[in-house]
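Below: one structure, written as C-alpha cells.
Worth knowing before you read on, the calculation uses all heavy atoms, side chains too, and leaves out hydrogens, waters and symmetry mates. These figures come from a predicted structure and were not determined experimentally. Within every chain, numbering begins at 1; the chains are lettered A, B, ... in the order of the sequence lines, protein sequences first and strands thereafter.
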Number of protein chains: 2
Amino acid sequence: MEKDSRSRLLEAAIPLFAEKGFNAVSIRELSEKAGANSALISYYFGNKEGLYTAVLDFQFSRITTAVSNSHSLSPIERIRYYGKNAILIHQQCPHLMRYIQREVANPSVGFETVVSRHIASAYHFLHAAIANGIETGDFRSDLDPDYAALSLAGIINFYFMTKPLVSTFLPPAKNLDHAYIMQALEIYLNGVINK
Amino acid sequence: MEKDSRSRLLEAAIPLFAEKGFNAVSIRELSEKAGANSALISYYFGNKEGLYTAVLDFQFSRITTAVSNSHSLSPIERIRYYGKNAILIHQQCPHLMRYIQREVANPSVGFETVVSRHIASAYHFLHAAIANGIETGDFRSDLDPDYAALSLAGIINFYFMTKPLVSTFLPPAKNLDHAYIMQALEIYLNGVINK
DNA sequence: GTCTATATTGCGATAGAC
DNA sequence: GTCTATCGCAATATAGAC
C-alpha cells in the first residue's frame with residue numbers, strides 16, 4: 001500500500017537535500033522522485049523552503065529522543081551510552097549528519113526553532129553527565145564541564161562528520177564504527193577519570 | 001594601489017562562497033562585490049566553477065604549510081603544536097572551516113585534486129606523531145595510531161566547526177579558543193600518555 | 001487532492017565592440 | 001583586459017481545470 005503524496009514528497013526530499021543541499025535540488029527533480037506533481041509541494045508545504053523545514057524537523061527530533069530516558073546511569077555509563085547511541089543514530093538516520101553540517105555551516109530559516117534546540121539538548125546531556133562525574137569524584141576536579149562536554153562531542157561526532165573522506169585513508173575494519181568509538185571512548189575516559 | 005581584476009574576483013569570492021555556498025552565489029553578485037565585470041569570471045577562470053576551484057586551492061594550501069617544518073619535536077610537543085596551530089589557522093583563514101565542511105558534505109570537482117590531498121597531509125602528521133609516541137613509550141601501547149589520530153583531529157576541529165552554534169551556549173571567556181584547546185589537549189594527552 | 005499550463009524571474013555564458 | 005548586450009535555459013510559484 002503506497003503512502004500519500006505528502007509522505008512521498010517528504011521521504012524523497014530527505015536523501016536529496018542531504019546529498020545535494022537545498023539550492024541544488026529542484027522541485028521538479030524532487031516531485032519526480034516522489035512520484036508526485038511538483039505543484040503539490042506548494043499545496044502541502046507552502047513552498048520549497050517549507051518542505052525543507054519539515055525535513056529538518058523530522059530529522060533532528062531523533063537527537064532529542066536519543067538522549068532521553070537515560071537517568072539512573074552513572075556518569076561513566078552515560079559517556080559510554082552516548083558513544084553507543086551515536087553509532088545507532090547514524091545507522092538509523094544516515095542523512096542526519098549532513099543536515100547538521102549544512103545547518104552549522106549555513107543556517108536555514110528553521111535553525112533557531114528546530115536545529116538549535118535539539119543540538120542543545122544533546123549538549124546538556126553531556127554537560128550534566130560530566131558535572132555529575134566531577135561531583136561524585138569519578139572525574140578530575142580540574143575539568144570545565146563545558147569544555148569537557150564539547151571535547152566528548154568532538155571526539156565522537158567528528159568521526160561521523162568526516163567518515164566519507166576519512167574512511168579512504170583508514171585501514172579497513174569489519175566494524176569500523178564500533179572499533180573507532182571504543183578507542184575514542186577509551187582515550188576520553190582515560191583523560192577525564194580521577195586517578 | 002588597487003589589485004587587478006583577477007585578484008579582486010578571487011578575494012571577493014572567498015567570503016561569499018564560504019557563507020552562502022556555491023549555488024547561492026551568482027556571478028553578478030560576485031563581480032559586483034569585486035568591482036569587476038561578470039564576464040571576467042569566464043575570461044580568467046573559464047567559468048564560475050573554475051573560480052570556485054581556484055578559491056579552494058588557495059584556502060586549503062594553508063593546511064599543508066601548517067604541518068610542515070615541525071620535525072625535531074617530540075611526540076607530545078607535536079600534539080600541542082597541532083592544537084596551537086589550529087587556533088592560528090582559523091584566525092588567519094576564518095573561512096577555511098566552512099570550505100572543509102562544505103567539501104566533506106558535498107564534494108566539488110576539486111575535491112580529489114586539492115581537498116583530499118591537503119587533509120591527508122594533516123592526517124599523516126598526526127598519525128606519525130602518535131605512532132612515534134608509541135615507539136618511544138611516551139604513549140600507551142594499546143593505541144591504534146589511526147583511531148588515535150582521528151580522535152585528536154576530532155577533539156580539536158569539531159570545536160572550530162561548530163563554533164558559531166556552540167559559542168551560544170558556552171559561557172563567555174576572554175580567550176575562548178585558547179581556553180578550550182588547552183582543556184581539550186589536557187584531556188587527550190592524559191588519555192594517551194603511558195603511566 | 002491532483003493535474004496541466006504558464007507567468008515570471010534570474011541564472012551562466014558568450015559574442016563582439018573598444 | 002574590460003565592457004555592453006543578449007541568448008538560451010531552468011528555476012519557483014500559481015491559476016484554474018478536473
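- Side-chain atoms of R8(B) come within 3.5 Å of backbone N or O of G35(B) as a donor-acceptor pair.
- Of the possible polar contacts, one joining the N106(B) side chain to the E19(A) backbone as a donor-acceptor pair under 3.5 Å is found.
- Taking the C1' atoms of five terminal pairs at each end of the helix from dG1(C)-dC18(D) to dC18(C)-dG1(D), the two resulting helix axes are inclined by 0°, rounded to 10°.
- The ring-ring contact (aromatic ring centres under 6.0 Å, His included) test applied to F22(A) returns F17(A), Y52(A), not counting sequence neighbours.
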What is the per-nucleotide protein-contact pattern of nucleotides 1-6 of chain C, from the 5' end, where B denotes a base atom under 4.0 Å from a protein heavy atom, S denotes such proximity for sugar-phosphate atoms only, and - denotes neither?
-> BBBB--
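- For N23(B) and dT12(D), the CG to C1' distance is 15 Å, given to the nearest whole Å.
- For I27(B) and dC9(D), the CD1 to C1' distance is 14 Å, given to the nearest whole Å.
- Taking atom CG of residue L16(A) and atom C1' of nucleotide dA11(D), one finds them 16 Å apart after rounding to whole Å.
- The side chain to side chain contact (heavy atoms under 4.5 Å, CB included) test with L40(B) singles out one residue from L9(B), L51(B), D4(B), I27(B), and that residue is L9(B).
- Here F111(B) pairs with nothing under the ring-ring contact (aromatic ring centres under 6.0 Å, His included) rule; sequence neighbours left out.
- Looking at E186(B) and R80(B), a side-chain N of the basic residue comes within less than 4.0 Å of a carboxylate O on the acidic one, giving a salt bridge.
- In this structure, the side chain of K163(A) does not engage the main chain of D177(A) through any donor-acceptor pair within 3.5 Å.
- Note: OH (Y52(A)) to C1' (dT12(D)) measures 18 Å, nearest angstrom.
- Partners of Y180(B) under the ring-ring contact (aromatic ring centres under 6.0 Å, His included) rule, at least two apart in sequence or in another chain, are Y159(B).
- A donor-acceptor pair is defined here as one N or O able to donate and one able to accept, closer than 3.5 Å; such a pair exists between the side chain of S68(B) and the backbone of T64(B).
- Taking atom CG of residue L30(B) and atom P of nucleotide dG10(C), one finds them 18 Å apart after rounding to whole Å.
- No side-chain heavy atom of Y82(B) sits less than 4.5 Å from a side-chain heavy atom of L185(B).
- Listed in residue order, the members of residues 105-113 of chain B having a heavy atom less than 4.0 Å from DNA chain C come to none.
- A donor-acceptor contact shorter than 3.5 Å is absent between the side chain of K20(A) and the backbone of S26(A).
- Residue-level contact check: S26(A) touches the backbone only, with heavy atoms under 4.0 Å from sugar-phosphate atoms and none from bases.
- The distance between atom CD of E49(A) and atom P of dT12(D), rounded to the nearest whole Å, is 12 Å.
- Note: NZ (K48(B)) to C1' (dC11(C)) measures 8 Å, nearest angstrom.
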